[in-house]
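Below is one structure, written out as structure tokens; the observations come after it.
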Amino acid sequence: MMDSDRLQQENLFAVEYLEIEELPDSDEPVYILGKQYNMKTEKSDLQLDIASRLWFTYRKKFSPIGGTGPSSDTGWGCMLRCGQMMLAQALICQHLGRDWRWGKYKEQAKEYRQILHCFLDRKDCCYSIHQMAQMGVGEGKSIGEWFGPNTVAQVLKKLAVFDERNSLAVYVSMDNTVVIEDIKTMCKYQPHSSSMAQSDFHQSAWSRCTDTSGQSSGWRPLLLIVPLRLGINHINPVYIDAFKGCFKMSQSLGALGGKPNNAYYFIGFSGDELIYLDPHTTQTFMDPEETGTVQDQTYHCQKSPNRMKVLNLDPSVALASFLRRCSWASFVKMKMILIIGVKW
């Protein structure tokens, strides 16, 4: 058996035996990133929607980060993986639309393949674990150290500056404050100067993300990330309805959070339970140059997702939204829902 076939089977075995409880039939509606489902009549549609989200987990046997660092992110990279999932969902909304669905046996769109390539575990991919871990050093995090929601948001913001292909504006609120004029300035497209200083370390990665189509000036899509603390040691019940309401928004990209040192990517809720994708499964790194293509089945969670009671959520979270156009109406709608101590 070829090594690539063996690694693919190993990864599929890891995914196949995840012990995840099935979503129960319920009269309660289920909300997934702005979409509402009836569990009794739309269960298959719900499962396909969840399976279509890119699912990034721990990986092992990739090239050492920084040349001499770790070759696996097991035990420390879960928040980075959740940040990858959130950003990937923003890029899917940008290039394929929220209604796009993945199919296990169908030929995937070019845009999908390009998005997935940005997150592969290679030092020359834009949003790889290598790039995120090393950019985190500037945020005071050593390679191999656990990130919190705010730190990973800041790392994504810095990395996106160099990503000219997607030209996504990333705004991270500071001190619970969203400054709309700053967002409008950020979203006004200005072509990158070819003389922009870049470190030798990052240059090869960003060359793969450079847009050669000659994008004209206009408005850039926005990834808005709002780090919040919804309590002291536990989530304050007064915030729960507003927090769940964020998953009803058509602009929703979910939330980063979880429990201390255990990060999850929350994509929806039903009743008093949050629905999330869990990165805590270790799979083997797959090199597309060895297999000839990206074996993408292990980048989609094809089992029922995990659930947890909302009251068990750690109060430190980061909410995310995608706005294709920075219209005033979009901000007003978001402001009406995000009444969780955020200043506008």
Side-chain angles (χ1 to χ4, degrees), residues 15-55 82 85-86 89-90 92-93 97-104 226 228 230-231 234-259 262-281 300-315 317-322 330 332-342:
V15 174
E16 181 72 21
Y17 286 90
L18 288 174
E19 295 183 0
I20 300 176
E21 184 180 354
E22 290 288 332
L23 287 169
D25 290 335
S26 171
D27 292 328
E28 292 272 8
V30 179
Y31 291 91
I32 301 292
L33 301 177
K35 298 286 186 180
Q36 179 179 340
Y37 294 95
N38 184 312
M39 276 299 299
K40 294 185 176 180
T41 61
E42 300 175 301
K43 192 170 185 177
S44 60
D45 293 336
L46 168 64
Q47 291 173 331
L48 179 58
D49 190 356
I50 294 171
S52 296
R53 303 314 109 213
L54 278 170
W55 178 51
C82 291
M85 286 189 266
M86 183 185 69
Q89 180 59 25
I92 286 174
C93 290
R98 174 63 183 87
D99 293 327
W100 172 84
R101 296 294 181 265
W102 175 76
K104 183 186 298 187
V226 182
L228 294 167
L230 305 180
H234 304 281
I235 186 170
N236 190 325
V238 72
Y239 296 130
I240 289 177
D241 287 342
F243 179 70
K244 293 194 300 184
C246 296
F247 297 101
K248 298 180 180 180
M249 296 168 51
S250 60
Q251 300 95 340
S252 175
L253 292 177
L256 305 179
K259 301 176 181 179
N262 281 279
Y264 306 125
Y265 176 42
F266 294 95
I267 58 174
F269 77 95
S270 178
D272 63 351
E273 291 186 320
L274 299 175
I275 298 171
Y276 64 92
L277 296 178
D278 187 351
H280 299 90
T281 296
H300 294 272
C301 185
Q302 299 169 62
K303 301 293 183 180
S304 293
N306 295 72
R307 293 172 288 132
M308 67 178 287
K309 296 291 185 181
V310 65
L311 284 173
N312 293 335
L313 179 69
D314 186 89
V317 299
L319 299 172
S321 300
F322 174 79
S330 296
V332 169
K333 182 178 180 181
M334 291 176 64
K335 183 177 180 180
M336 291 174 64
I337 296 177
L338 286 175
I339 307 300
I340 315 181
V342 181

Pair C93, L253 - check side chain to side chain contact (heavy atoms under 4.5 Å, CB included), show working. CA-CA 9 Å; C93 290; L253 292 177; 4.2 Å; yes
Are R98 and D49 close enough, and set up right, to give a salt bridge (charged side-chain N to carboxylate O under 4.0 Å, His left out), and what steps lead you there? CA-CA 10 Å; R98 174 63 183 87; D49 190 356; 2.9 Å; yes
Can you list the steps and then say if F243 with L313 is a side chain to side chain contact (heavy atoms under 4.5 Å, CB included)? CA-CA 11 Å; F243 179 70; L313 179 69; 3.7 Å; yes
With side chains defined as the heavy atoms from C-beta onward, is the minimum distance between L311 and P237 less than 4.5 Å? yes
Measuring only between side-chain heavy atoms, which start at C-beta, is N262 closer than 4.5 Å to D278? no
Does W55 reach the side chain of Q302, with side-chain heavy atoms less than 4.5 Å apart? no
Does the pair D272/K244 count as a salt bridge with the N-to-O cut at 4.0 Å? no
On a heavy-atom basis, which atom in A320 and which in M86 lie closest, and how many Å separate them? CB-SD, 3.2 Å
Do M308 and K259 have side-chain heavy atoms sitting under 4.5 Å apart? yes
Please work out whether the ring planes of H300 and W100 are parallel, tilted or perpendicular, with thresholds of 30° and 60°. tilted
Among V30, I32, L46, the one residue meeting side chain to side chain contact (heavy atoms under 4.5 Å, CB included) with S270: V30
Heavy-atom distance under 4.5 Å between the side chains of L230 and N236, does that happen here? no
Taking all atoms of both residues into account, what is the closest heavy-atom pair of P279 and A263, and its distance? CD-O, 3.3 Å
Let me confirm one number: the CD-OH distance from E42 to Y37, rounded to the nearest 0.5 Å. 7.5 Å
F266 and its side chain to side chain contact (heavy atoms under 4.5 Å, CB included) partner, picked from L319, L274, L256: L274
Between Y239 and G231, which heavy-atom pair has the shortest distance, and what is it? CE1-N, 4.2 Å
What pair of heavy atoms forms the shortest contact from M249 to S321, and how long is it? CE-OG, 4.0 Å
Gap separating the CZ atom of F269 from the NZ atom of K248, nearest 0.5 angstrom: 4.5 Å
How long is the span from the CD atom in E28 to the NZ atom in K40, to the nearest 0.5 Å? 11.0 Å
What's the shortest heavy-atom distance between Q89 and Y265, and which atoms? CB-OH, 3.7 Å
Do you know which two heavy atoms are closest between S52 and W102, and how far apart they sit? OG-N, 2.9 Å
